[in-house]
Amino acid sequence: MATSQQGSSAQTELVDYQSDAGDHYLSASSGTGFKSWAFTLDHKRISLMYLAGLSFALALGGAFALALRTELLSGDGFFGWSNDTYNQMFTLHGAIMTFLFLIPGIPAGLGNFILPLMLGAKDVAFPRINLLSFYLWATGAVFFVATLLIGGLDTGWTFYTPYSIETQTAVMTATAGAFVLGFSSIFTGLNFIVTVHKMRSKGQGWFQMPLFVWSIYATGVIQILATPVLGITLLLLMAERLMQIGIFDPSLGGDPVLFQHFFWFYSHPAVYIMVLPAMGVASELFTTFSRKHIFGYGFIAMSSLAIAFLGFIVWGHHMFTSGQTPIASTVFSFITFSVAIPSAIKVFNWLATLYKGSISLESPMCYALSFMGLFLIGGLTGLFCATTSTDIHLHDTYFIVAHFHYVMVGGTLVAFLGALHYWWPKISGRMYNEFWGKVSAILVFIGFNVTFFPQFVMGSRGMPRRYHHYIEEAYQSFHVASTIGAYILGVALVIVLVNLVGSIKRGRRAPANPWGATTLEWKTQSPPIHHNFHEEPDVPAIYEYENTVYNREIGGFVDRKVVKGA
Amino acid sequence: MNPLFFASDGTYWFAPPGTEFAKEVIWTFNFILWVSIVFFVLIVGLCGYFVVKYRRRDGVDPEPSPHHSTLLEISWSIVPVILCMMMFWSGFKTYMKMTTPPANTYDIQVEAQKWSFGYTYPNGTFSKELHVPKGENIRLILNSKDVLHSFFIPDFGVKMDVVPGRFNTMWFNAPEVNEHIVFCAEYCGSDHSDMISKVVVQDRADFEAWLEEEGNYVDRMSPVEAGAYTYDIYGCSQCHSIDGSKGTGPSFKGVWTWGQSRALEGGDSVTVDENYIRESVLKPKAMIASGYEGVMPSFNGQLNDKKILALIAFLKDVNGVPQ
């Protein structure tokens, strides 16, 4: 356990939480066979299985993206695919990225590992349900891969009726997959909410929780309140397809716009399921790498809850052109602007955190700064989409495509990568190569902007989304730039993979606290033991950096503690 | 360069506006753009400045600074609120005009089907391109025969979904004689990206002359020509080729074994003759050719017997059958 050494002053001692015993959650004492993984109840192992699955989903969705971008090099198709092939490609790209990667990404993948550690807990509240969530995710993934194999899906990830009722592609398999994934998400949210309520260590009040925990908590609220609506909607869609009951299809007496209301009632809050955890990651990274107390803790924490709440009452902004009444559109436009305020509060507080800090540009911080710039563009371009008159023009064009990629890739994926680099030493017990970490962050930033910025201009000039063919004189230069950017982004992601995976063999051993962070996950060894902490940790004064000092010998930070009774 | 997109007076973000609506949309867009640019430069600039100025130095602890300020929190909440309300208001004003057509409109019906738009004028004339008189208030009544579509004229700044089972409406007033592109903006299946049409803005006199000529094409042309024209403007070509290649529907050439029997889905067969064609146009789901899905919409009410006869003449011509 903690190796204590006498500090320079007689009243303090330096505490390093790293242990040389070699026993941790991956070592032989915790089991190494297939069963030790398949039936594990350890949140850390479940997290690793998620990370493997998420990487697979990201690679699959990314491969579709690169294929799509290549096809779009010319106006009549670079490979010359059929329209149906193109439509299936963009549908599966969107569906896989959304349901299999973005929604579970940060909460289920990384939150699973970090949340109990941040609370000083041994595990989540319901470890068995946690494992069930993972298997539901895997089942959903199987359904999506099956969709791919038995004839694809061509509805767009939005499943808009009545097209989704009459198309002959594998709508049933895909909706069944999304339905199962919904339950995975609900159980994860439920588990995390109960964990936050009941498993905080002694003395850790609500306002001693790290901001990442607040964001995961707010996300959990959305997951359990919004996701059931998606489940119900997909069941109604299946019922209509199977039994010809008129719900959404006008030829059976239904209303297709009703489907859009149901769908966005879930899918708009789902955007915040994707981006709130990313904001939580950013809060942790900015304070740690500035070695300064996060600015405006209470406002950041409450703005997460505000975003979670407001996210439920803005869904109609996806439907300004659907034929909903102008009054509805106006009200939804008005409420949508209210989401801008808590988002702006977060950005300004991050900026104020940098002020007079001690800023170190290690890989996770490069990702965090990149997140700030990209999320800012994503957020600001949201203003064009919230305004009724401009959205009428921009709706369903590449402007929207660029906007939501800035939020979901520039925001969520970049924060996910930052978080992965930040917590990798804790997860794997190894340090990755810092040079290649920085290179990947810079390449992601460049590749991303080259891919998506031209899409804003294309979109405002009228290029509709989900178009296989386009007018070359008007749009080709933008498409070519976008495709080049996508290749750069692809290369950057391969570098991330090689660097992180390679570190397991080649990387130097990670100290307990390589970055000098003050949250509880750094007050145990890297990687942690099966039960996380050797003894229940003292709850630290959160985000106070004075007593976390760098130690050259171990290449990491140690805690300076006042020796009682000295 | 395509004049539809890059005219000399186009801005960087937009093609030249074709209506007042488009001008107002561009104004609001630019307002939001400049507010965004100011905030972006401010935040990213400060960010960069802080990163350089407060970079970590060995052995130097950061000087203490506050980590809370209610005054700051309130000010950076209030300023965005005010700017957001201005954006909302600017958009709302234009949106109200867009959704409130004036009393004296010239109404044109727009019918969308996979994958074409068709336009019906007050005198019953049907066309494949939308022709409108310049400087008049045009109201479009949109309706879909199958799935969702969306009627989008980028140069006019207007867009409205075309929803089966209801009529959506939109209106505009185009003051200049010009041509503009129309896109289908809502995903509608296989050939979504080929569902492109055109708006032709004309002087009133030219418009009326065109309307007159377009309306009586069956009388002006030979049956084969009129049939070919019908085939073109009613969107038949989207699914039925005339060169024998298979589309969403059977080709007009080859598979049409004139006067002979033809296999249907479900095992029945039918003799190919004039009545078979007529029924296939008016009740397309009654007899579905073997190997195809019954996705064709009915043209009942759109194609009268005169036009169907012209279409039959064209079919015979394609297959080399004597008239």
Side-chain angles (χ1 to χ4, degrees), chain A residues 83-84 87 156 160 162-163 167-168 250 255-257 291-296 299 321-323 326 330 333-334 337 340-341 344-345 347-348 351-352 354-360 369 372-373 376 380 383-384 387-390 392-393 395-396 457 460-462 464 466-469 471 473-474, chain B residues 1-2 5 13-15 24-25 28-29 32 36 39-40 43-44 46-47 50-51 54-56 62-63 65 67-68 72-73 76-77 80-81 84 87-88 91-92 94-95 98-99 147-148 150 152 154 157-161 163-166 168 183 185-194 293:
Chain A
N83 284 336
D84 290 331
N87 295 343
Y160 267 19
Y163 186 73
T167 177
Q168 301 297 310
D255 179 5
V257 179
R291 278 187 79 66
K292 195 189 136 191
H293 193 294
I294 189 86
F295 196 91
F299 278 86
T321 69
S322 70
T330 303
S333 164
F334 189 84
F337 279 107
I341 310 308
I345 286 175
V347 171
F348 285 120
L351 185 63
L354 299 177
Y355 175 69
K356 290 198 174 175
S358 168
I359 299 165
S360 154
L369 291 167
M372 176 118 114
L376 194 56
L380 290 169
L383 298 169
F384 300 83
T387 307
T388 34
S389 68
T390 43
I392 296 287
H393 177 74
H395 179 74
D396 271 336
V457 188
S460 71
R461 289 184 183 187
R466 297 174 170 178
Y467 260 34
H468 181 206
H469 300 143
I471 301 162
E473 299 81 45
Chain B
M1 289 285 153
N2 186 328
F5 289 93
W13 292 91
F14 289 90
E24 291 186 21
V25 166
T28 307
F29 184 97
I32 304 172
S36 301
F39 272 88
F40 183 79
I43 291 169
V44 172
L46 279 175
C47 205
F50 290 164
V51 166
Y54 303 115
R55 66 188 176 276
R56 189 167 297 178
E63 52 179 304
S65 59
H67 51 75
H68 180 75
L72 268 179
E73 300 287 352
W76 62 45
S77 302
V81 166
C84 282
M87 292 169 193
F88 166 78
F92 171 70
T94 308
Y95 180 66
M98 283 177 178
T99 50
V147 297
L148 295 175
S150 189
F152 176 32
V158 292
K159 181 186 290 129
M160 182 55 88
D161 287 4
V163 181
R166 69 162 76 177
N168 279 346
F183 289 122
E186 183 64 67
Y187 176 67
C188 56
S190 304
D191 296 344
H192 169 53
S193 66
D194 303 324
E293 293 163 23

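In what follows, chains are A, B, ... by sequence order, proteins preceding strands, each numbered from 1.
- Ranking B:Thr94, B:Val81, B:Ile43 against chain A, the residue ahead of the rest is B:Ile43, based on heavy-atom pairs under 4.5 Å.
- No other option in B:Ser77, B:Pro164, B:Pro80 has as many heavy-atom pairs under 4.5 Å with chain A as B:Pro164.
- Rounded to the nearest 0.5 Å, atoms NE2 (B:His192) and CG (A:Asn87) are 8.0 Å apart.
- Both the backbone and the side chain of B:Met160 come within less than 4.5 Å of a heavy atom of chain A.
- Residue contact with chain B, scored on non-hydrogen atoms closer than 4.5 Å, involves the backbone and the side chain of A:Pro162 alike.
- For A:Asp255 (side chain) and A:Val257 (main-chain N/O), a donor-acceptor pair under 3.5 Å exists by modelled atom type.
- Here A:Ser333 is the residue among A:Ala340, A:Ser333, A:Ala344 with the most heavy-atom pairs under 4.5 Å with chain B.
- Of all the listed residues (B:Val51, B:Leu46, B:Val158, B:Leu72), the one sharing the greatest number of non-hydrogen pairs under 4.5 Å with chain A is B:Val51.
- Atom CD of B:Glu186 sits about 7.0 Å away from atom OG1 of A:Thr321, to the nearest 0.5 Å.
- Put simply, of A:His468, A:Arg466, A:His395, A:His293, the one with the most heavy-atom pairs under 4.5 Å next to chain B is A:His293.
- Only the backbone of A:Ile294 comes within contact range of chain B, with at least one heavy atom under 4.5 Å from a heavy atom of that chain.
- Proximity to chain B is limited to the side chain of A:Ile341, based on heavy atoms less than 4.5 angstrom apart.
- No other option in B:Arg166, B:Arg55, B:Arg56 has as many heavy-atom pairs under 4.5 Å with chain A as B:Arg56.
- Every residue two or more places apart in sequence or in another chain that forms a side chain to side chain contact (heavy atoms under 4.5 Å, CB included) with B:Thr99 is listed here: A:Pro326, B:Tyr95, B:Met96.
- Chosen from B:Asn168, B:Val25, B:Ile32, the residue pairing most often with chain A at heavy-atom distances under 4.5 Å is B:Ile32.
- In this structure, the portion of B:Asp194 lying under 4.5 Å from any heavy atom of chain A is its side chain and not its backbone.
- Listed options B:Glu73, B:Glu24, B:Glu63, B:His68 were ranked by heavy-atom pairs under 4.5 angstrom with chain A; first place goes to B:Glu73.
- Of the possible donor and acceptor atoms, none in the side chain of B:Ser193 sits under 3.5 Å from a partner among the backbone N and O of A:Tyr467.
- Proximity to chain B (any heavy atom under 4.5 Å) is shown, for A:Phe384, by both the backbone and the side chain.
- The most heavy-atom pairs under 4.5 Å with chain B, out of A:Gly156, A:Ala352, A:Ser322, come from A:Ser322.
- Among residues two or more places apart in sequence or in another chain, the salt bridge (Lys or Arg N to Asp or Glu O under 4.0 Å) test is passed with A:Asp396 by A:Arg465.
- Residues A:Gly373 and B:Phe40 share a closest heavy-atom pair of O-CE1, 3.7 Å.
- With a threshold of 4.5 angstrom between heavy atoms, A:Lys292 approaches chain B through side-chain atoms but not through N, CA, C or O.
- Of all heavy-atom pairs between B:Lys159 and A:Ile392, the closest is NZ-O, 2.9 Å.
- Atoms CD and CD, from A:Gln168 and B:Glu293 in turn, are 4.0 Å apart once rounded to the nearest 0.5 Å.
- Only the side chain of B:Phe152 comes within contact range of chain A, with heavy atoms under 4.5 Å apart.
- When ring centroids are compared, B:Phe14 and A:His393 come within the 6.0 Å threshold.
- Here the CG-CG distance, from A:Leu351 to A:Leu376, works out to 9.5 Å after rounding to the nearest 0.5 Å.
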